[in-house]
2 protein chains.
Amino acid sequence: MSDTHSLDALVQALRRLPGVGVRSAQRMAFHMLQHDRDGAQLLARSLQEAVTHVHHCALCHTFTEGEVCATCLDPRRDATKLAVVETPADQAALERTGAFKGRYFVLMGKLSPLDGVGPHDIGVHKLIDRASDGVVQEVILATNFTAEGEATAHVIGQALKSRGLVVTRLARGVPAGSELEYVDLGTIAHALVDRR
Amino acid sequence: MSDTHSLDALVQALRRLPGVGVRSAQRMAFHMLQHDRDGAQLLARSLQEAVTHVHHCALCHTFTEGEVCATCLDPRRDATKLAVVETPADQAALERTGAFKGRYFVLMGKLSPLDGVGPHDIGVHKLIDRASDGVVQEVILATNFTAEGEATAHVIGQALKSRGLVVTRLARGVPAGSELEYVDLGTIAHALVDRR
Ligand SMILES: [Zn+2]
Ligand SMILES: [Zn+2]
């Protein structure tokens, strides 16, 4: 309908968000226009602010508003250890453990040949430069334990090892707090292999 | 982190969308900033356009960019029949059946005492004015067949009948507990024919 052009355009724009189909997009547009126009304007401003100010850290590739991110700038972090993660969310998960005090390299993705995502797209050459700075002594591969995350860790690990770098991988094992009876067999098998 | 203020603000703004929790909001923000900055800017513009141009039809309350919506302006529609629906999506579902050629009144909501939504909030007084124009001969209650939709139909029906108007309800061909938006066309068409 021509008299709802703006509404139709909004629904189409919302559909570009991941996981949002046409029904969800319609529900979101309806909700904002009927109940939360302030929220709609806030979201519009936030999108423009983020697109304008957020870019990638020159050292670790995560999102930052500076040239280099706060984690990379923090002198208290151990510069000899470099953890490689897929996304800022994975980095945040590691940070919440409090168990890692080193630096990061954030791939901002993972190898996915079917989607056309190759080593260049996740910055493998930049990771190699970063890890070859003469200060880094260990690269810890902390990609996800999915098929694509494992493949990514494998490819990156090979590239780094071929340049003489020490490469480790997060241990596979039984999740803390779980009962063996309810853990899948593959996980238990890996935990046996990786026992310490 | 102060160096990701814009990103944090974007995640907070996305959480105001219905059905979007913190994880979804982070995934959306990450996706847009990493893979679809054009989409982010398009969404920002679409939100502002919609907030600026979309308001309510003076006659039926649905969203429109004009003073009166295209459906209300269409001279081929039967002005003697007025269908009352909860949302534009429900109206669209009725339209897709092709079985109704009358006019609409869109409540843009439903009675929900627990959420503080009373008759005034869904424009019942405006509906009564609209239905009392001397042209409307039948008001067809096409609210959803949920508990709240039934209660809304009951309250509206009583108010309209007490003013001498002829009020019908979609037949129970529509499965109880379902929302019109998700019901197949044939079922809605039968329910229209069998309205009581
Ligand atoms: Zn950094
Ligand atoms: Zn209208």
Side-chain angles (χ1 to χ4, degrees), chain A residues 1-20 23-24 26-57 62-66 68-71 73 87-89 92 108-109, chain B residues 1-7 9-14 16-20 23-24 26-57 62-66 68-71 73 87-89 92 108-109 181-182:
Chain A
M1 286 184 288
S2 63
D3 69 328
T4 56
H5 173 77
S6 300
L7 180 57
D8 300 341
L10 174 57
V11 170
Q12 289 307 312
L14 285 164
R15 290 191 63 186
R16 286 172 78 148
L17 293 170
V20 175
R23 300 268 190 214
S24 298
Q26 284 171 344
R27 194 166 57 241
M28 287 171 174
F30 177 85
H31 174 82
M32 283 190 291
L33 289 171
Q34 185 68 13
H35 302 295
D36 194 15
R37 286 181 176 233
D38 286 348
Q41 288 180 313
L42 177 69
L43 179 54
R45 284 196 304 275
S46 302
L47 284 161
Q48 278 168 337
E49 285 284 306
V51 167
T52 304
H53 296 299
V54 176
H55 48 257
H56 295 291
C57 172
T62 196
F63 292 130
T64 179
E65 293 181 31
V68 174
C69 78
T71 306
L73 285 173
T87 66
M108 305 302 276
Chain B
M1 286 185 286
S2 64
D3 69 329
T4 57
H5 173 77
S6 301
L7 181 57
L10 175 56
V11 170
Q12 290 307 312
L14 285 165
R16 286 173 77 149
L17 293 170
V20 176
R23 299 265 189 220
S24 298
Q26 285 172 344
R27 194 166 58 242
M28 287 171 174
F30 176 86
H31 174 82
M32 282 190 291
L33 289 171
Q34 186 67 15
H35 301 295
D36 194 16
R37 286 182 176 233
D38 286 348
Q41 287 181 312
L42 176 69
L43 179 54
R45 284 196 304 275
S46 301
L47 284 162
Q48 278 169 335
E49 284 284 306
V51 167
T52 304
H53 295 298
V54 176
H55 49 257
H56 294 291
C57 172
T62 197
F63 292 130
T64 179
E65 294 181 31
V68 174
C69 78
T71 307
L73 285 175
T87 66
M108 304 302 275
E181 189 178 348
Y182 302 105

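Residue numbering restarts at 1 for every chain, and letters A, B, ... go by the order of the sequence lines. Every heavy atom of this structure was used, including side-chain atoms; hydrogens, water molecules and symmetry mates were not.
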**Request:** Can you see which heavy atom on R16(A) is nearest to which on D36(B), and at what distance?
**Result:** NH2-OD1, 2.9 Å
**Message:** Please give me the minimum heavy-atom distance between T87(A) and F30(B), naming the atom from each residue.
**Reply:** CG2-CZ, 3.9 Å
**Request:** Grab the two heavy atoms, one from L47(B) and one from M32(A), that are nearest each other, plus how far apart they are.
**Result:** CD2-CE, 3.5 Å
**Message:** Please rank T62(B), L7(B), L33(B), L42(B) by heavy-atom pairs under 4.5 Å with chain A and give me the top one.
**Reply:** L33(B)
**Message:** Heavy-atom cut-off 4.5 Å, strictly under: side chain, backbone, both or neither for V11(A) against chain B?
**Reply:** neither
**Item:** Which of Q12(B), H53(B), R37(B) touches chain A most, by non-hydrogen pairs under 4.5 Å
**Value:** R37(B)
**Sidechain-backbone polar pair: D3(A) side chain, A70(B) backbone, donor-acceptor under 3.5 Å** = yes
**Prompt:** Looking at A40(A), P18(A), A9(A), G19(A), which has the largest count of heavy-atom pairs under 4.5 Å with chain B?
**Reply:** P18(A)
**Message:** Counting only non-hydrogen atoms closer than 4.5 Å, does M28(A) touch chain B with its backbone (N, CA, C, O), its side chain (CB onward), both, or neither?
**Reply:** both
**Request:** Mark yes or no for whether Q41(B), through its side chain, and V51(A), through its backbone, hold a donor-acceptor pair below 3.5 Å.
**Result:** no
**Item:** V20(A) and L17(B), any side-chain heavy atoms less than 4.5 Å apart
**Value:** no
**Heavy-atom check, side chain of M108(A) versus side chain of H35(B), under 4.5 Å** = no
**Message:** I'd like to verify something: which residue of E181(B), H31(B), E49(B) has the highest number of heavy-atom pairs under 4.5 Å with chain A?
**Reply:** E181(B)
**Nearest heavy-atom neighbours spanning L10(B) and S46(A)** = CA-CB, 3.8 Å
**Message:** If I compare all heavy atoms of A44(B) with all of Q48(A), which pair ends up nearest, and what's the gap?
**Reply:** CB-CG, 3.7 Å
**Complete:** So, the part of Q26(A) with a heavy atom under 4.5 Å from chain B: the answer is side chain
